[in-house]
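By convention here, the first residue in the shown sequence is residue 1.
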Amino acid sequence: MSESVFERYYKDYMEDFQSMMALENVKFFRYSGELKIASLTVTDKFFMISLFPKNQRHFDRESLICYEPSA
């Protein structure tokens, strides 16, 4: 997540953030560069990625999800 998103999430949702950080299988990463990935989720059951659009002004919240073991 971007630095600004991290700060807002930590400030406005500190209790939720601390609860998630206490879980051994959850990790958050801060990135200071230009973000091209809106979200990335990897679990034992699926992989999901959402990308920011290149030529659109608004993020449409569409994601690519794969349930195959090779994902």
Side-chain angles (χ1 to χ4, degrees):
M1 65 179 67
S2 68
E3 190 70 32
S4 61
V5 170
F6 172 79
E7 289 174 12
R8 172 98 190 260
Y9 191 68
Y10 187 78
K11 186 190 303 180
D12 293 351
Y13 303 99
M14 183 185 295
E15 196 172 303
D16 291 339
F17 183 76
Q18 289 174 338
S19 295
M20 284 194 286
M21 290 300 294
L23 300 171
E24 66 181 63
N25 60 346
V26 173
K27 294 180 183 171
F28 284 92
F29 298 94
R30 285 186 286 179
Y31 183 69
S32 60
E34 181 184 354
L35 290 172
K36 301 200 188 261
I37 297 174
S39 70
L40 174 66
T41 305
V42 180
T43 73
D44 293 340
K45 307 241 182 227
F46 72 94
F47 168 88
M48 180 174 75
I49 188 168
S50 300
L51 303 173
F52 290 118
K54 259 187 171 180
N55 299 323
Q56 295 177 342
R57 299 183 81 179
H58 303 288
F59 176 54
D60 58 10
R61 295 178 183 83
E62 290 184 3
S63 300
L64 174 65
I65 302 174
C66 183
Y67 295 97
E68 294 295 319
S70 61

Separation of Phe28 CZ from Tyr9 OH (nearest 0.5 Å): 5.0 Å
Are any side-chain N or O atoms of Ser63 and backbone N or O atoms of Ile65, one a donor and one an acceptor, separated by less than 3.5 Å? no
Quick check: closest heavy atoms across Met20 and Val26, and the distance to 0.1 Å? O-CB, 3.5 Å
Look up atom CD1 in Ile37 and atom CZ in Phe29, then write down how far apart they are to the nearest 0.5 Å. 12.0 Å
Rounded to the nearest 0.5 Å, how far does OG1 of Thr41 lie from CD1 of Ile49? 9.5 Å
Separation of Arg30 CZ from Ser4 OG (nearest 0.5 Å): 11.5 Å
Looking at the rings of Phe6 and Tyr31, which for Trp means the six-membered one, are their centres under 6.0 Å apart? no
Whether over 12 other heavy atoms sit under 6.0 Å from Glu3 CD: yes
